[in-house]
Amino acid sequence: MARKIGLYGIIGYFLYGLFFYWYLFHFTNTSLPFEYQGTVADPATFLNGRELMLSEEYSKIRNLLFFLSTPFEWLFYLFIMLLGLSTLFKGWSEQSSKYKFVQTSIYVAWLSLFAFIATTPLSYISYKLSKQYNISTQSFGGWMKDELIDFWVNFGMMVLIVCVLYWLINKSAKRWWLYAWLLTIPFSLFLMFVQPVVIDPLYNDFYPLKNKVLETKILDLADKANIPAEHVFEVDMAEKTNALNAYVTGIGSNSRIVLWDTTLNKLDDDEILFIMAHEMAHYVEKHIYIGIAGYLLMSLIGLYLTYKIMEWVISRYGSALKISSVKDIRSLPLFLMIISMLLFLSSPISNAVSRYQETRADSYAVEMTKDAEAGISTFQELTRAGLSQVNPPFLVKVFRYGHPTMLERITLLEDYQIEHRDD
């Protein structure tokens, strides 16, 4: 049975990969509909021939890597169970200590290490691709440093989560999913509160915006929107990337408006103010809190489905997967695999909600600044800097895009410009 499951898993992954290769490289047509050709949304009007070619090449390869990486994670967890590695990790952890917390920590350490080794090649390919297309400017040492920080941050949180999770499972085999969900509420809020001041600075240096004239303009804009902002932060990203970004992060007193220095270097003040108005819209329209509520609802459904699916899988395939019960720590790879699958399958819903919010933010920004031209030139520069497709394939949009496509974003601003031409 174990060999059959493993073979089916490999064949399924191979066919899945072939489908997306065919879909991305041979089936889809990313050219613009006739009515948009020659408009400001047409990349041929603001990108040169080489940039057009590179954006198509880079986007196709990057999208293929995305669709290959997530199911690869599922395949990894499947073989960790089928090959008995999960049993081996459990044995090593029990030999090392008699204390449950230490045993769980050691098990998670071995699982995390093997996952890191298995997934690093795909991460490295993605890194080399971005270097080749001049998106990334990061040295190999800098990239490896970030990967190791990721490993240790994820490991620390994983140990805490797994210890609590399996304590709950052992206490209540029927209601652990509900109790786990109740604990995710304060844990998620705590993470969002500390991320800007504890986690983010592990990767990059943050400091108050040095351009005080621009900061004054941004704060005036925030005051106009009734946002209690006192400082705008910039982050040193030029050593890592040529891409542009700005965002609002954190909650409560730790909320921050953050600009990448690449954005400051490549955009003029009017364009930056448009971006800031967009980010402020998320605050004004409570998108962060709506997002938290949506995440908690999806988490509740996801944990319940995970509980039901784990029970079914273990009752039917437990011997092949070498899992005796849900309470067994060896079921952790199954738990992680199911969670990853559910996240992937639910991403079209979460992305659709996000795209709606981002469209609202774009509308808010152009109404606030009355400067559609700045917004259009901003989105054109974002396309150039990130070698993004203006009109990506449908499945790419559905599974990857938390923002509207550049075609949709630029067209919205162009329509606004036309409607208010005489104002």
Side-chain angles (χ1 to χ4, degrees), residues 2 5-6 9-10 12-13 16 66-90 92-93 101 103-120 122-123 147 150-170 173 176-177 179-181 183-184 187-188 191 295 298-318 320-347 350:
I5 293 172
I10 292 173
Y13 182 71
Y16 168 92
F66 166 80
F67 283 111
L68 290 178
S69 61
T70 302
F72 179 80
E73 181 184 353
W74 310 340
L75 202 62
F76 164 77
Y77 287 129
L78 178 63
F79 275 90
I80 284 289
M81 293 180 286
L82 292 176
L83 296 176
L85 290 174
S86 188
T87 300
L88 195 62
F89 299 158
K90 181 182 179 182
W92 289 343
S93 67
F101 173 78
Q103 289 177 0
T104 302
S105 300
I106 293 171
Y107 178 93
V108 171
W110 280 111
L111 182 61
S112 299
L113 178 61
F114 272 64
F116 179 77
I117 293 170
T119 57
T120 293
L122 276 176
S123 299
E147 290 292 301
D150 266 345
F151 173 83
W152 287 111
V153 169
N154 291 334
F155 170 70
M157 287 194 291
M158 181 72 79
V159 168
L160 177 61
I161 292 168
V162 172
C163 285
V164 173
L165 176 66
Y166 278 84
W167 179 79
L168 291 173
I169 291 174
N170 279 276
W176 64 264
W177 58 273
Y179 303 140
W181 176 76
L183 288 176
T184 64
F187 183 72
S188 299
L191 273 184
Y295 164 76
M298 296 291 281
S299 297
L300 177 62
I301 297 170
L303 283 169
Y304 176 73
L305 290 176
T306 301
Y307 155 70
K308 299 297 287 186
I309 294 170
M310 284 184 75
E311 291 284 355
W312 179 81
V313 170
I314 292 173
S315 67
R316 186 162 183 176
Y317 302 106
L321 298 175
K322 301 171 179 61
I323 305 171
S324 58
S325 72
V326 177
K327 296 178 181 180
D328 191 339
I329 190 66
R330 290 178 297 176
S331 68
L332 179 60
L334 177 63
F335 174 86
L336 295 174
M337 183 173 73
I338 294 170
I339 288 291
S340 178
M341 287 178 169
L342 292 176
L343 284 172
F344 182 76
L345 293 174
S346 66
S347 60
S350 56

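Computation of the quantities below employed the complete heavy-atom set of this structure, encompassing side-chain atoms and omitting hydrogens, waters and symmetry-equivalent molecules.
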Rounded distance (nearest 0.5 Å) linking atom [atom1] of [X] with atom [atom2] of [Y]:
X: Tyr304; Y: Trp181; atom1: OH; atom2: CH2; value: 15.0 Å
X: Tyr179; Y: Leu168; atom1: OH; atom2: CG; value: 9.0 Å
X: Ser123; Y: Glu147; atom1: OG; atom2: CD; value: 4.5 Å
X: Trp177; Y: Tyr307; atom1: CH2; atom2: OH; value: 8.5 Å
X: Leu165; Y: Leu332; atom1: CG; atom2: CG; value: 7.5 Å
X: Leu342; Y: Ser347; atom1: CG; atom2: OG; value: 11.0 Å

Item to check | salt bridge (charged side-chain N to carboxylate O under 4.0 Å, His left out) partners for Lys322, two or more places apart | outcome: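 Testing Lys322 for salt bridge (charged side-chain N to carboxylate O under 4.0 Å, His left out), a comparison that skips the adjacent residues, returns none.
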Next on the checklist: When you compare the side chains of Trp110 and Ser93, does any donor N or O come within less than 3.5 Å of an acceptor on the partner?
Outcome noted: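 Judged by distance alone, the side chains do not pair up.
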Next on the checklist: Under a 3.5 Å cutoff, is there a donor and acceptor pairing between the side chains of Tyr166 and Ser331?
Outcome noted: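 Tyr166 vs Ser331: donor-acceptor pair found between side chains.
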Do you know which two heavy atoms are closest between [X] and [Y], and how far apart they sit?
X: Leu78; Y: Gly9; answer: CD2-CA, 4.4 Å
X: Thr104; Y: Cys163; answer: CG2-SG, 3.6 Å
X: Ile5; Y: Ala320; answer: CD1-CB, 3.9 Å
X: Ile80; Y: Pro333; answer: CG2-CG, 3.9 Å

Would a 4.5 Å heavy-atom cut-off, applied to side chains only, mark [X] and [Y] as touching?
X: Phe67; Y: Tyr16; result: yes
X: Phe187; Y: Ile161; result: yes
X: Ile323; Y: Val313; result: no
X: Phe76; Y: Phe114; result: yes
X: Leu343; Y: Thr70; result: no
X: Trp167; Y: Trp176; result: no
X: Phe79; Y: Leu85; result: no
X: Val162; Y: Ile329; result: yes

Item to check | Stepwise ring-ring contact (aromatic ring centres under 6.0 Å, His included) test for Phe155 and Phe116 | outcome: CA-CA 10 Å; Phe155 170 70; Phe116 179 77; over 10 Å; no
Next on the checklist: Take a 6.0 Å sphere around CH2 of Trp152 and say whether it holds more than 12 heavy atoms from other residues, nucleotides or ligands.
Outcome noted: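 No, the 6.0 Å shell around CH2 holds no more than 12 heavy atoms from other groups.
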Next on the checklist: Using modelled atom types and a 3.5 Å cut-off, is there a donor and acceptor pairing between side-chain atoms of Ser340 and backbone atoms of Met337?
Outcome noted: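 Side chain of Ser340 to backbone of Met337: no pair is present.
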Next on the checklist: Between Tyr107 and Trp92 (side chain of the first, backbone of the second, donor and acceptor by atom type, cut-off under 3.5 Å), is there such a pair?
Outcome noted: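 No; zero donor-acceptor contacts below 3.5 Å.
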Next on the checklist: Please evaluate residues Met158 and Leu336 with respect to the criterion side chain to side chain contact (heavy atoms under 4.5 Å, CB included), reporting the C-alpha separation (whole Å), side-chain torsions for both, the decisive distance (0.1 Å), and the verdict.
Outcome noted: CA-CA 11 Å; Met158 181 72 79; Leu336 295 174; 4.1 Å; yes
